[in-house]
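Side-chain atoms are counted along with the backbone in the values below, which use heavy atoms only and exclude waters and symmetry mates.
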Amino acid sequence: MSKNTSILYLICPGFHEQSLTHSFVNNISHYYPYLDNLLIFPTDQYPPYSGFHLTHYLQGKFNVKSQNLIFIAFSAGVVAAVTAAMQWQRQGGKIKGLIAFDGWGVPLLGDFPVYRISHDEFTHYSSAILGTGKLSFYADPAVDHLDLWRSPHQVQGWLCETTTDKTFLSRLSLMEFLGKVL
């Protein structure tokens, strides 16, 4: 993929040590160096689950809605990301996608591409009724919830590609999956 500076990648962490998010960013930046247009929602200042605070944070960063956004969210951050993405789009903003890492139980709604990533098969399929998007991923073998975020480069699993009547599975790494959706 070529570098696309017209897209801002908004990282939305959950409840965890900030070092896990720094590890996540370092790992994906190593594999995809064009992802240098990153903004991390400061969950040390705002609740990670608050779509209100995330939207307010975005409004403080951008006067215009012309910036293309891709939300990359983890755990409780998925709640904020879904809410803020829908609100931002209603206000005229451009959402290019939402990648939800382990947003178990969170409905993935929106008029933009969504991608669900799960740390195990159970989490993936038990959340699928709440939306997965056309492409989703689950780890196999299963990994710890926090390891999914801390060390995405070490995760293997299954790409689930859903059509109108079938789901096709393909074995690949999480980094390969991210390459398809970023």
Side-chain angles (χ1 to χ4, degrees), residues 1 3-5 7-62 67-88 93 95-106 108 110 112-120 123-124 127 133 136-139 142-157 173-182:
M1 284 190 143
K3 182 177 177 177
N4 188 346
T5 56
I7 295 179
L8 174 69
Y9 300 90
L10 180 61
I11 309 296
C12 304
F15 286 105
H16 52 76
E17 295 293 323
Q18 291 179 2
S19 62
L20 270 70
T21 297
H22 294 299
S23 178
F24 174 80
V25 168
N26 288 337
N27 283 309
I28 65 168
S29 295
H30 174 77
Y31 281 84
Y32 303 106
Y34 60 86
L35 295 179
D36 60 355
N37 199 14
L38 295 171
L39 181 63
I40 300 174
F41 179 53
T43 54
D44 58 333
Q45 299 172 31
Y46 305 103
Y49 55 80
S50 177
F52 169 79
H53 287 97
L54 180 54
T55 302
H56 180 73
Y57 176 75
L58 283 172
Q59 290 168 338
K61 293 287 183 187
F62 304 105
Q67 179 70 58
N68 294 312
L69 294 176
I70 292 181
F71 288 77
I72 303 173
F74 174 68
S75 196
V78 174
V79 177
V82 170
T83 304
M86 290 190 310
Q87 180 66 26
W88 192 255
I95 307 300
K96 292 296 186 182
L98 184 142
I99 303 169
F101 280 75
D102 256 1
W104 188 79
V106 179
L108 296 183
F112 42 81
V114 295
Y115 309 95
R116 187 178 293 276
I117 296 172
S118 302
H119 76 278
D120 66 10
T123 302
H124 182 76
S127 290
S136 59
F137 177 92
Y138 68 88
V143 297
D144 182 72
H145 173 69
L146 294 176
D147 287 341
L148 183 69
W149 190 243
R150 175 191 302 117
S151 306
H153 64 293
Q154 296 179 344
V155 177
Q156 297 292 317
S173 72
L174 178 51
M175 297 312 285
E176 290 170 316
F177 176 78
L178 289 174
K180 291 178 178 298
V181 300
L182 290 172

Kindly assign one of parallel, tilted or perpendicular to the pair [X] and [Y], based on the angle between their ring planes and the thresholds 30° and 60°.
X      : Y     : result
Phe41  : Tyr57 : perpendicular
Phe101 : Phe24 : perpendicular
His56  : Phe52 : parallel

Measure from the side-chain N and O atoms of Asn37 to the backbone N and O of Ile7, and report whether any donor-acceptor pair falls under 3.5 Å. yes
Between the side chain of Thr43 and the main-chain N/O of Tyr46, is any donor-acceptor distance below 3.5 Å? no
Can you tell me how far [atom2] of [Y] sits from [atom1] of [X], rounded to the nearest 0.5 angstrom?
X      : Y      : atom1 : atom2 : value
Ile40  : Gln18  : CD1   : CD    : 8.5 Å
Tyr31  : Glu176 : OH    : CD    : 9.5 Å
Phe15  : Leu146 : CZ    : CG    : 13.0 Å
Arg116 : Leu98  : CZ    : CG    : 10.0 Å
Ile99  : Ile11  : CD1   : CD1   : 8.5 Å
Asp144 : His119 : CG    : NE2   : 7.0 Å

Counting only heavy atoms not in Gln156 (residues, nucleotides, ligands), do more than 12 fall under 6.0 Å from its CD? yes
Heavy-atom count around Tyr49 OH within 6.0 Å, excluding the residue itself: above 12? no
Determine whether the side chains of [X] and [Y] contain a donor N or O and an acceptor N or O closer than 3.5 Å.
X      : Y      : result
Thr21  : Trp149 : yes
Asn26  : Ser23  : no
Gln154 : Asp147 : no

4.5 Å side-chain heavy-atom contact, [X] and [Y]:
X      : Y      : value
Ile117 : Tyr138 : no
His153 : Ile28  : no
Thr123 : Asp120 : yes
Ile72  : Leu182 : yes
His16  : Ser75  : no

For side chain to side chain contact (heavy atoms under 4.5 Å, CB included), just list the numbers for Leu69 and Leu58, CA-CA rounded to whole Å, side-chain angles, deciding distance to a tenth of an Å, and then say yes or no. CA-CA 10 Å; Leu69 294 176; Leu58 283 172; 4.1 Å; yes
Write down the atom of [X], the atom of [Y], and the distance for their closest heavy-atom approach.
X      : Y      : answer
Ser127 : Trp104 : OG-CD1, 3.0 Å
Leu8   : Leu38  : CD1-C, 4.1 Å
Val155 : Ala139 : CG1-CB, 3.6 Å
Ala84  : Gly51  : CB-O, 4.0 Å
Pro47  : His53  : CD-ND1, 3.8 Å
Gly103 : Val78  : CA-CG2, 3.8 Å

Chi angles and distances behind the side chain to side chain contact (heavy atoms under 4.5 Å, CB included) call for Tyr32, Met175: CA-CA 9 Å; Tyr32 303 106; Met175 297 312 285; 3.9 Å; yes
Before we go on, tell me: are the rings of Phe74 and His145 under 6.0 Å apart, centre to centre? yes
Criterion side chain to side chain contact (heavy atoms under 4.5 Å, CB included) on Tyr9 and Phe71, from CA distance to verdict: CA-CA 6 Å; Tyr9 300 90; Phe71 288 77; over 6 Å; no
Decide side chain to side chain contact (heavy atoms under 4.5 Å, CB included) for Leu10 and Leu54; before the verdict, give the C-alpha distance in whole Å, the side-chain angles of both, and the deciding distance to 0.1 Å. CA-CA 10 Å; Leu10 180 61; Leu54 180 54; 3.8 Å; yes
